[in-house]
A.B. asks: 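Please read through the structure below; I'll follow up with questions.
Letters A, B, ... are given to chains in the order of the sequence lines, protein chains preceding strands, and every chain is numbered from 1. Keep in mind it's a predicted model, so treat the numbers as computed, not measured.
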2 protein chains.
Amino acid sequence: MRNIRLEDVARKAGVSMKTVSRVVNGEPNVRANTQEKVLEAIKLMNYRPNASARSLAGNRSYLVGLLYGDVSPAYLFEVQNGALKAGNETHYGLVLHPCETVEDDVSGDVADFLKQSRVDGLILTPPISDNMALIRLLDAEKIPYVRLSPMDSDMGMTVSIDEKQAAAEMMKHLLDLGHRRIGFIKGPMAHGASRWRYESYKASLEKTGIIFNPALVADGDFSFDSGKIAAEKLLSGGNPPTAIFASNDNMAAGVIHTAFERGLQIPRDISIAGFDDAPLARQLWPSLTTIHQPMRGMGHMAMAQLLTMIRGDDCAGPEQSILNYELIIRASTANVGRGQSHPHP
Amino acid sequence: MRNIRLEDVARKAGVSMKTVSRVVNGEPNVRANTQEKVLEAIKLMNYRPNASARSLAGNRSYLVGLLYGDVSPAYLFEVQNGALKAGNETHYGLVLHPCETVEDDVSGDVADFLKQSRVDGLILTPPISDNMALIRLLDAEKIPYVRLSPMDSDMGMTVSIDEKQAAAEMMKHLLDLGHRRIGFIKGPMAHGASRWRYESYKASLEKTGIIFNPALVADGDFSFDSGKIAAEKLLSGGNPPTAIFASNDNMAAGVIHTAFERGLQIPRDISIAGFDDAPLARQLWPSLTTIHQPMRGMGHMAMAQLLTMIRGDDCAGPEQSILNYELIIRASTANVGRGQSHPHP
DNA sequence: ACATATATTGACAGCGCTGTCAATTTGTGT
DNA sequence: ACACAAATTGACAGCGCTGTCAATATATGT
């Protein structure tokens with residue numbers, strides 16, 4: 001059984017193909033009752049436009065590409081679900097493209113991807129959102145894109161949370177609990193988010209009049225293992241911190257692991273905080289105090305922004321979307337030296 | 001700058017469009033030196049076929065759909081990465097389609113998806129892999145599909161591990177450690193995997209001569225929260241189990257959480273085992289003994305199977321792929337009553 | 001009522017590729 | 001060298017849709 005085509009609908013509705021096309025695409029200049037006739041015919045025949053034909057004729061694919069590198073499963077999952085949802089409303093699909101962030105030549109790889117898939121726009125997740133070679137390529141090719149949590153949001157469209165303020169709020173939480181020796185585990189510096197969080201850590205100390213102590217800072221790369229290693233370092237010194245703020249939840253999980261291995265009790269002996277509110281955060285024991293980042297909302301927003309850009313021919317100008325974060329206080333942080341300020345959940 | 005087309009390459013190579021098309025698609029009946037000429041021209045001009053035009057003319061999309069419902073982020077991530085990798089080799093893309101598993105009318109939703117996206121095949125993740133209405137639709141429409149971890153693998157192509165044997169191996173591990181009162185937390189019965197694991201649990205008990213005790217079994221739905229609730233139930237009785245085998249890692253995490261809340265030590269007071277080897281498993285404390293399921297490999301295999309089916313015109317007949325699992329012994333299980341048979345990692 | 005501006009509709013080419021089938025070249029057996 | 005089969009190549013229609021632009025219908029001002 002052959003599929004229903006535009007022509008079939010047109011015949012049924014007694015109008016031209018082009019008019020049906022207009023209705024399908026929500027174009028203006030269709031009289032109300034004509035539109036009604038067409039919509040009825042479409043419903044009656046259960047017509048769905050052929051995406052390939054649309055792409056070919058219209059020179060666009062109704063597809064958005066999601067570029068990702070070394071991200072956590074949970075992050076990608078949320079972002080892609082949000083994007084799918086936003087795209088679904090306007091029948092835009094999502095094509096995934098994992099990038100080998102190791103090799104420097106992301107641009108070439110992406111260029112091939114663009115040529116083949118003909119995506120109409122791109123969503124860039126960190127750390128790819130800060131790959132300048134790629135940005136230049138996209139600008140040159142005039143491919144619309146949205147960057148998630150970039151280092152600098154002064155060009156193109158971006159979606160992020162106020163990383164600095166969020167980290168400051170977490171620091172305030174720890175400081176309010178009486179902590180003064182607060183350790184920090186950095187994320188990979190290629191991520192803009194890592195930098196902001198680190199800057200904010202230092203700024204909060206300074207604001208409170210605490211002298212920044214490099215010995216309380218350890219490098220990490222957002223992975224669980226790097227969190228463990230960092231924790232080893234921070235907990236080994238003679239005068240270990242009373243709280244550790246890890247740049248993300250994965251690393252915080254590593255800290256918890258290491259702390260337990262060393263026989264410490266959390267939060268009695270040490271408070272631990274993360275960042276992201278990955279599913280993991282509430283599944284750990286003790287559950288993790290963290291910053292909730294609206295990853296799904298960010299994916300949704302990114303797609304929505306991209307679509308307005310794609311559809312409105314003139315771009316509405318660069319735009320930054322800042323979404324709300326939320327400090328989630330769970331069981332892994334407590335008053336310094338006394339513990340148990342919060343009952344376990 | 002207009003994109004390079006087939007015609008441009010043909011002119012450059014001094015052959016017809018059709019011949020270039022043959023080379024691009026790896027079709028037979030092209031003389032070796034002709035092929036060489038064409039390949040050179042392609043490389044020289046950096047030609048990439050236009051996917052939309054190919055789809056329209058060839059009546060296929062070079063796209064495979066991944067249907068998923070209520071799965072864990074980590075599972076989806078691995079499966080999709082595996083599938084992408086397998087697809088990449090033959091320039092097949094992957095389109096995601098989340099299904100509302102709640103509503104019964106998955107078929108209608110998927111039918112729309114098929115019409116629009118024109119995917120050439122489908123990968124079904126559980127529990128959608130067992131939706132019979134959908135299967136019938138796909139059979140009727142002659143859409144190739146591969147089912148992951150289905151309940152019954154007696155029709156179409158499937159990819160799974162030997163769930164029954166894997167669960168049996170976990171039971172053997174626990175029994176070998178001396179456990180006799182082994183609790184079990186079921187997964188959602190809509191998942192074939194849940195059933196197999198549960199069956200296997202019962203079979204192992206029987207084989208060992210232990211009388212099955214319904215009080216040691218609790219319902220779950222693969223979620224962390226359901227694991228917590230199930231654990232409450234199992235640990236509340238007068239004579240609690242010395243080990244709990246949860247049907248997946250998420251629920252096992254819930255059990256750990258609940259056990260800690262109740263002041264139990266793991267594995268001294270109780271051993272806990274999961275299933276899947278999600279990233280979570282090694283991040284928990286204590287790290288979780290579980291069954292490693294090669295999710296990425298399964299995604300890869302599913303895509304590969306699908307592609308041979310799509311490309312070879314006659315289907316090579318139904319095929320079942322059984323991949324290897326692996327028992328991963330970590331720190332959450334130990335000898336009954338004594339604990340610490342395994343040092344913490 | 002008439003001319004003019006504006007909104008609505010339709011005819012048709014053509015997007016870049018593949019399927020079909022016919023034309024041509026090459027190989028094989030005698 | 002010839003007839004014939006097999007391999008290789010090419011010409012061309014058409015996949016289902018949208019962009020362009022011309023044709024027609026309706027609204028507006030006088």
A.B. asks: Does one side chain, of A:Y145 or A:D139, offer a donor that lies under 3.5 Å from an acceptor on the other?
C.D. replies: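 The criterion, which ignores hydrogens and geometry beyond distance, is satisfied for A:D139 and A:Y145.
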A.B. asks: Hey, can you pull the donor-acceptor pairs under 3.5 Å for the side chains in residues 75-86 of chain B, sequence neighbours left out?
C.D. replies:
| from | atom 1 | to | atom 2 | distance (Å) |
| --- | --- | --- | --- | --- |
| B:E78 | OE1 | B:R296 | NE | 2.9 |
| B:E78 | OE1 | B:R296 | NH2 | 3.1 |
| B:Q80 | OE1 | A:Q80 | NE2 | 3.1 |
| B:Q80 | NE2 | A:Q80 | OE1 | 3.1 |
| B:N81 | OD1 | A:Y68 | OH | 2.5 |
| B:N81 | ND2 | B:F77 | O | 3.1 |

A.B. asks: Are the side chain of B:N131 and the backbone of B:A133 linked by a donor-acceptor contact shorter than 3.5 Å?
C.D. replies: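 Indeed, once roles are kept as given, a pair shorter than 3.5 Å links the two residues.
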A.B. asks: CE of B:M45 versus P of C:dG16: gap in Å, rounded?
C.D. replies: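 Rounded to whole Å, this separation is 13 Å.
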A.B. asks: Polar atoms only, N or O, under 3.5 Å: list the protein pairs with nucleotides 17-19 of chain C and their distances.
C.D. replies:
| from | atom 1 | to | atom 2 | distance (Å) |
| --- | --- | --- | --- | --- |
| C:dC17 | OP1 | B:Y47 | OH | 2.5 |
| C:dC17 | OP1 | B:N50 | N | 3.3 |
| C:dC17 | OP2 | B:L6 | N | 2.4 |
| C:dT18 | OP1 | B:N25 | OD1 | 3.4 |
| C:dT18 | OP1 | B:N25 | ND2 | 2.8 |
| C:dT18 | OP2 | B:S21 | OG | 2.5 |
| C:dG19 | OP1 | B:R60 | NH2 | 3.4 |
| C:dG19 | N7 | B:K18 | NZ | 2.8 |

A.B. asks: If each of B:L56 and B:G14 is mapped to the nucleotide of DNA chain D with the nearest heavy atom, which maps nearer the 5' terminus, i.e. the 5' end?
C.D. replies: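 Whichever sits nearer the 5' end wins; that is B:G14.
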A.B. asks: Filter on salt bridge (charged side-chain N to carboxylate O under 4.0 Å, His left out), then keep only pairs touching residues 32-58 of chain B, sequence neighbours left out; what's left?
C.D. replies: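 Those involving residues 32-58 of chain B are A:D112-B:R48.
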A.B. asks: Can you check whether B:T19 has a side-chain N or O nearer than 4.0 Å to OP1 or OP2 of D:dG10?
C.D. replies: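 For D:dG10, OP1/OP2 do have a side-chain N/O of B:T19 under 4.0 Å.
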A.B. asks: With the threshold set at under 4.0 Å for non-hydrogen atoms, list the residues of residues 29-37 of chain A touching DNA chain D in residue-number order.
C.D. replies: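 Those residues whose heavy atoms fall under 4.0 Å from DNA chain D, taken from residues 29-37 of chain A in numerical order, are A:R31.
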A.B. asks: Could you tell me which residues satisfy side-chain contact (heavy atoms from CB on, under 4.5 Å) with B:Q35, sequence neighbours excluded, listed by chain and number?
C.D. replies: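 Testing B:Q35 for side-chain contact (heavy atoms from CB on, under 4.5 Å), a comparison that skips the adjacent residues, returns B:V23, B:V30, B:L39.
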A.B. asks: Quick one: salt bridge (Lys or Arg N to Asp or Glu O under 4.0 Å) partners of B:D120, sequence neighbours excluded?
C.D. replies: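 Here no residue qualifies.
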A.B. asks: Between A:S61 and B:S52 (side chain of the first, backbone of the second, donor and acceptor by atom type, cut-off under 3.5 Å), is there such a pair?
C.D. replies: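 Side chain of A:S61 to backbone of B:S52: no pair is present.
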A.B. asks: Any donor-acceptor pair under 3.5 Å linking the side chain of B:N25 with the backbone of B:R22?
C.D. replies: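 Looks like no, no N/O pair under 3.5 Å.
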